[in-house]
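What you are looking at is a predicted structure, and each value in this text was computed from that prediction instead of being measured. Throughout, a chain's letter reflects where its sequence line sits, starting with A, and its residues are numbered from 1.
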There are 2 protein chains.
Amino acid sequence: MALAKFTTDGILDAAAEEVRNHGSAVRIASIAARVGAPTGSIYHRFGSREELLVHLWLRSVRRFHEVYLAAGRTEDPEKALLGMAESVVTFTRDHPQDAASMALFRQKRLVENTPDSCREAVAHINDEIHERLSELAQLRYGRVTEKRRQLVRIAAADGPYGFVRPYLWDSVPEWLPAVVVASSTAVLALGD
Amino acid sequence: MALAKFTTDGILDAAAEEVRNHGSAVRIASIAARVGAPTGSIYHRFGSREELLVHLWLRSVRRFHEVYLAAGRTEDPEKALLGMAESVVTFTRDHPQDAASMALFRQKRLVENTPDSCREAVAHINDEIHERLSELAQLRYGRVTEKRRQLVRIAAADGPYGFVRPYLWDSVPEWLPAVVVASSTAVLALGD
DNA sequence: AAACATCTAGAATCTATGCTCTAGATTATT
DNA sequence: AATAATCTAGAGCATAGATTCTAGATGTTT
């Protein structure tokens, strides 16, 4: 076997950089140029541009989930949810490339038209998160209703994401975490 | 003179529909097909794809501003700001095509690389809004600081937009306005 | 060292889509 | 009706960028 000069992770790193700069308009040629490889070498690792981007997305989402779940392991459920909300912002600040890569797709749409080789991974990537959010909804409210389930999702995930989104391509203001926590606190209170 | 079979507005309507379905990946051919015109007729009205999309964006933004400013004319400044926040959601719900079209560009980036014919319009389109938000910041807080200015912008604009964004391609949940108002109220309170 | 597997190289091909071009149709004006 | 201005038609051109192909390099195994 030959020693790989260009690793999968190396290519994904380059792709992430390019995504940070050009969004979903990334070109294979730019990624290749950035790692110093010819485009052919990219296709040796990934079957298509689409497949490459999905792999990048998966890697970034997994990295985020680690931080996000850690923030959600706090005992007190309210604090856990607010910690998760805050971690969306701090992760974006600390890992802008991953944050930009995560914005390439939305899971729901991706499952439907993704290369077969990735479908399973994409389909289940959020399972653990959903489970934890359900638990926390239970702990926070006692009796869980549909509305409360949704409030939890908005407070801990969708809302914070909405607040950071404008800053995915710039840098995150230092006061943003406080804004997110205040907002999410208010949203959770709507369920009481 | 010949009577125009395909009007500017008609083409933009078709483009808006296409944007609602395919986002920024709209193809000229699809727009043409939807109005029943050959692609050449599109180019008779618009110099380029870019120019067409910018015109569409401008039209949608103007329509939104009308609703948004109306909501902000309320006497009480806190109520005015919350009304504006809420109108972001209701406008998106009631005019999904325009909402999707507005998401095509962000003004700040657009000014820099827009066809010359649109630059002026793009550059000044937000002026009236900024003016009104400044007034309201003054009325709401008395002494205006940089932080308070930002809180107002987030509470009345960026935040609400973040909350609706996930629903630009689906339909807006009926409970979303209440969530936005709760959130924005909390954000404004951070300035007290 | 011979045979093998894997990886790199990068030119060549394919494809999608924006855009141009010229002929002709349509309506207003005189 | 003649003329002019504007608009439609839609085939064809141009280009960007993804993808493929094949020769050769590089390391591994026996």
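The main-chain N or O of Ala80(B) is never found under 3.5 Å from a side-chain atom of Thr74(B) such that the two would form a donor-acceptor pair.
For the pair Glu51(B) CD and dG18(C) C1', the interatomic distance rounds to 14 Å; values are reported in whole Å. As rounded to whole Å, 16 Å separates atom P of dT15(C) from atom CZ of Arg27(B). Rounded to whole Å, the distance from NZ on Lys5(B) to P on dG10(D) is 9 Å. Rounded to an integer number of Å, the gap from Ile11(B) CD1 to dT8(D) C1' is 11 Å. Taking atom CZ of residue Phe6(A) and atom P of nucleotide dT8(C), one finds them 6 Å apart after rounding to whole Å. If you measure from atom CG of Leu53(A) to atom C1' of dA18(D), you get 12 Å, rounded to the nearest angstrom. The CZ atom of Arg49(A) sits 14 Å away from the P atom of dT20(D) (whole-angstrom rounding).
Contacts between residues 37-46 of chain A and DNA chain C, counted as heavy-atom distances below 4.0 Å, involve Pro38(A), Thr39(A), Gly40(A), Ser41(A), His44(A).
Of the listed residues (Arg20(A), Arg34(A), Arg59(A)), just one forms a salt bridge (charged side-chain N to carboxylate O under 4.0 Å, His left out) with Asp13(A), and that residue is Arg59(A).
A salt bridge is absent between Arg140(B) and Asp76(B): the closest approach of a Lys/Arg side-chain nitrogen to an acidic carboxylate oxygen does not fall below 4.0 angstrom. With respect to Arg132(A) and Glu135(A), a salt bridge is recorded, a charged nitrogen being found less than 4.0 Å from a carboxylate O.
Residue Val26(A) is classed as a sugar-phosphate contact, given heavy-atom separations below 4.0 Å to backbone atoms only.
Among residues two or more places apart in sequence or in another chain, the ring-ring contact (aromatic ring centres under 6.0 Å, His included) test is passed with Tyr43(A) by none.
Side-chain contact check for Arg27(A) and Ser30(A): at least one donor-acceptor pair (N or O, by modelled atom type) lies under 3.5 Å.
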